[in-house]
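Each residue takes its place number in the sequence, starting with 1. Values below: all heavy atoms of this structure, side chains included; hydrogens, waters and symmetry mates excluded.
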Amino acid sequence: MTAYTATVTVRLKRGVLDPEAETTKRALERLGFELRGLRSADRFEIDLDATDADAAAERADEMAERLLANPTIHDYEVEVADAE
């Protein structure tokens with residue numbers, strides 16, 4: 001087994017209301033920043049042991065599907081790297 005860190009980034013799908021991002025966007029605009037849009041996201045870093053990177057990604061994907069993300073309203077992506 002090898003140690004890996006899986007990073008799961010979860011964000012609302014486009015078109016789903018994101019009040020946190022809207023509030024932050026308005027605040028940034030008041031500070032003089034010009035931006036077309038802003039979306040908030042949650043990032044989970046999971047340290048785990050697996051036989052290879054593909055197995056680690058598969059486990060992290062299952063975690064996202066079962067708990068970390070709601071597939072109805074969220075998109076997510078999984079990235080895996082060797083643990084440091």
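- With sequence neighbours left out, Thr72 forms a side-chain hydrogen bond (donor to acceptor under 3.5 Å, both in side chains) with Asn70.
- The side-chain hydrogen bond (donor to acceptor under 3.5 Å, both in side chains) check on Glu34 picks up nothing, with sequence neighbours excluded.
- Here the side chain of Arg59 pairs no donor or acceptor atom with the backbone of Leu48 at under 3.5 angstrom.
- Partners of Thr23 according to the side-chain hydrogen bond (donor to acceptor under 3.5 Å, both in side chains) rule, which considers only residues two or more places apart in sequence or in another chain, do not exist here.
- Shown here for Ser40 and Arg11, the closest heavy-atom pair between the two residues is O-CB, 3.6 Å.
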Checklist line | Test log, rule side-chain contact (heavy atoms from CB on, under 4.5 Å), inputs Val8 and Met63 | finding: CA-CA 9 Å; Val8 180; Met63 292 176 200; over 6 Å; no
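- For the pair Ala41 and Thr9, the tightest heavy-atom approach, listed with the atom from each and the gap, is CB-CG2, 4.1 Å.
- Separation of atoms CZ (Arg43) and CD (Glu77) is listed at 11.0 Å; rounding is to 0.5 Å.
- Applying the side-chain contact (heavy atoms from CB on, under 4.5 Å) test to Asp61 and every residue at least two apart in sequence or in another chain returns Glu65, Tyr76, Val78.
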Distance-only donor-acceptor hits, side chain of residues 24-31, under 3.5 Å, sequence neighbours excluded:
from	atom 1	to	atom 2	distance (Å)
Thr24	OG1	Glu20	O	2.9
Lys25	NZ	Glu29	OE2	2.7

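- Summarising the hydrophobic clusters (Ile, Leu, Val, Met, Phe, Trp, Tyr; side-chain heavy atoms under 4.5 Å, direct or chained), the residues clustered with Val16 are Leu12, Ile73.
- With hydrophobic clusters built from ILVMFWY side chains whose heavy atoms lie under 4.5 angstrom apart, Phe33 shares a cluster with Leu38.
- Under the 3.5 Å distance criterion, the side-chain polar atoms of Tyr4 are left unmatched by any main-chain donor or acceptor of Ala56.
- Residue Ile46 forms a side-chain contact (heavy atoms from CB on, under 4.5 Å) with just one option from Thr5, Leu68, Thr7, and that option is Leu68.
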